[in-house]
Student: 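For reference, the structure I am asking about is given below.
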Amino acid sequence: MQHSPMHDGQRMTASEPILKIDNLRVEFRVAGLKEEVKVAVDGLSLTVNAGEVFGFLGPNGAGKTTTMNVLLGFVPPTSGSAYIFGTDVSQPIARQRIGYLPELTYYYRFLTPEELLRFYGRIFRIPKDQLEKRIDEVIKLVELEHARKRQIKTFSKGMQQRIGLAQAVLNNPDLLIFDEPTSGLDPIGRMKVREIIQRLKNEGKTVFFSSHEMGEVETVCDRVVIINQGKVREEGQVTDLLAKHQMNLEQIFLKLIGYQASV
Amino acid sequence: MMTNAMALAGVVVREMYRRKDFYVLLILTVIITLAMGSVNFFNDDKIVRYLKELCLLLIWISTLVMAISMAARQLPMERESRTIFPLLAKPISRGEVILGKFLGCWFACGLALLVFYVFFSVLTGVREHDLPVLSYFQAIWLHWMMLGIVTAMVILGSLIFAAPSSNATISFVVSAGILLLGRHLNKVALQMSEPSSTILYTIYYNIPHLEIFDVRDLIVHNQPPIEWGWWALATPYAAVYIAIFLFAACWIFKRKSLSA
């Protein structure tokens with residue numbers, strides 16, 4: 001599968017990080033009697049290198065999804081910057097070589113998986129003959145061959161998540177951004193997603209994903225960052241963190257976010 | 001830019017023919033027209049004109065309702081169903097999303113118009129044994145241009161008003177108001193005192209005059225087609241308003257923060 005020619009702004013050397021966030025700050029105005037400013041992300045800096053599986057961890061409301069929203073261009077940063085493949089994330093071309101799987105996947109319910117993938121394939125400018133081949137491959141990968149001509153509105157939640165995975169890998173991306181990819185899935189679905197992440201890792205892809213499943217993170221991630229209240233609490237190789245704290249990742253996570261057991 | 005916009009437009013057109021709205025409006029138009037056509041009022045030979053007037057009125061109302069309801073739900077539905085997030089995570093700009101949504105709604109309206117006018121042509125052909133193709137072509141084209149202005153206006157409205165229903169209601173009232181009263185505003189302004197007169201003149205000279213695209217009377221009374229020069233001028237007139245509304249929509253949409 002070929003990629004589109006790289007945009008000038010995307011030229012980068014092998015040593016440059018795939019994803020770079022520099023001193024990112026995101027503020028939201030909270031409507032009310034008195035307008036308040038909520039800081040969702042506060043001075044976040046991190047880099048993700050090629051071929052890494054990077055875990056982005058934090059409790060609910062820590063700023064993970066907001067950071068991902070900035071990376072995908074949904075939300076503008078208040079200050080700081082973010083780059084994907086050396087291109088500012090505000091440029092649509094920065095998203096040519098990424099695949100994104102949102103936490104909750106909803107797709108055009110009146111389309112079939114084939115039609116949906118064909119639509120996204122056109123946006124990625126995948127040539128028609130290659131696109132049909134690629135659609136066959138990804139539908140097979142997520143095991144939806146039997147439902148490829150059925151409208152998505154008839155799909156179960158697990159099937160919709162698999163369609164989400166199919167669209168995320170359709171363009172054979174070099175960077176995958178997964179927002180809690182196993183959230184709400186049954187054990188088989190979780191295992192399938194884990195297998196796909198592992199497979200992508202083996203193919204040398206870079207994966208940036210958030211998750212609450214510490215066992216999963218420990219298994220598949222090379223490096224993690226733990227954030228809380230918009231700030232980085234810890235960052236490093238999974239093996240280094242385990243050695244440093246002498247406890248498992250879940251215990252490290254709970255300790256860093258200041259969780260006190262009540263019983 | 002056009003590849004992305006056309007891909008998105010294709011999804012909107014597909015949505016139209018997989019939803020029931022269009023079929024309901026078409027069937028209602030056919031049933032009402034045929035029911036009225038079966039009645040013979042006092043053996044009046046001018047019944048065909050009434051029938052044509054009624055059928056065209058139903059076509060205008062149906063297509064206006066369809067264009068407004070379809071355009072009003074596009075962007076709010078993308079956000080509500082969260083399909084906007086996987087879409088914008090692709091190499092597509094927000095401007096292309098606006099353009100794609102507009103083109104999709106406009107093409108869908110064009111297809112619906114063709115179906116409606118085929119029915120109208122069959123009806124009048126059977127009753128009058130005549131088919132003024134040029135007049136009908138002008139009527140469809142001008143009608144489609146008018147729907148383009150309305151569609152672009154509603155897409156802009158969907159970024160301003162909170163609920164699709166309020167946008168649809170306001171847009172319908174504004175469109176119907178312009179169609180019915182637009183041409184008379186200057187006459188009303190002439191009889192008003194200042195500053196009301198200036199305000200009304202400003203409105204008169206700035207609103208898109210949708211009524212200039214309405215050539216139903218010419219069709220009903222079997223008049224010859226309008227001059228092609230005037231017909232051609234109506235197209236850039238519509239294009240200017242469509243561009244203004246779409247630029248405004250892009251400007252607002254680009255500044256909107258979307259939280260997944």
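Atoms considered below: every heavy atom in the structure, side chains included; atoms not considered: hydrogens, waters and symmetry mates.
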Student: Pick one of side chain, backbone, both or neither for A:E115, based on which atoms fall under 4.5 Å of a heavy atom in chain B.
Tutor: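 Just its side chain gets close to chain B.
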Student: For the side chain of A:R122 and the backbone of A:R118, is there at least one donor-acceptor N/O pair under 3.5 Å apart?
Tutor: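 Side chain of A:R122 to backbone of A:R118: no pair is present.
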Student: Under the criterion side chain to side chain donor-acceptor pair (under 3.5 Å), which of A:E203, A:E137, A:K205, A:Q130 is the partner of A:N172?
Tutor: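 One option only clears the test, and that one is A:K205.
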Student: Would you call A:K64-A:E103 a salt bridge at under 4.0 Å N-O?
Tutor: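 Salt bridge absent between A:K64 and A:E103.
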Student: Please state whether the side chain, the backbone, both or neither of B:M77 comes within less than 4.5 Å of a heavy atom of chain A.
Tutor: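 Neither part.
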Student: Are A:S211 and A:F178 close enough, and set up right, to give a side-chain contact (heavy atoms from CB on, under 4.5 Å), and what steps lead you there?
Tutor: CA-CA 9 Å; A:S211 179; A:F178 291 165; over 6 Å; no
Student: Between A:Y107, A:F28, A:F119, which shows the greatest number of heavy-atom pairs under 4.5 Å with chain B?
Tutor: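 Heavy-atom pair counts peak at A:F119.
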Student: Heavy-atom distances under 4.5 Å only: say whether B:R255 touches chain A with side chain, backbone, both or neither.
Tutor: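 Contact with chain A is absent: no heavy atom of B:R255 under 4.5 Å.
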Student: For the residue pair B:R94 and B:F253, would you count it as a cation-pi contact if the rule is NZ or CZ under 6.0 angstrom from the ring centre and within 45 degrees of the ring axis?
Tutor: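 Because its charged atom sits under 6.0 Å from the ring centre and within 45° of the axis, B:R94 does stack over B:F253.
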Student: Among B:E96, B:E78, B:R19, which residue forms the greatest number of heavy-atom pairs with chain A at distances under 4.5 Å?
Tutor: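 The answer is B:E78.
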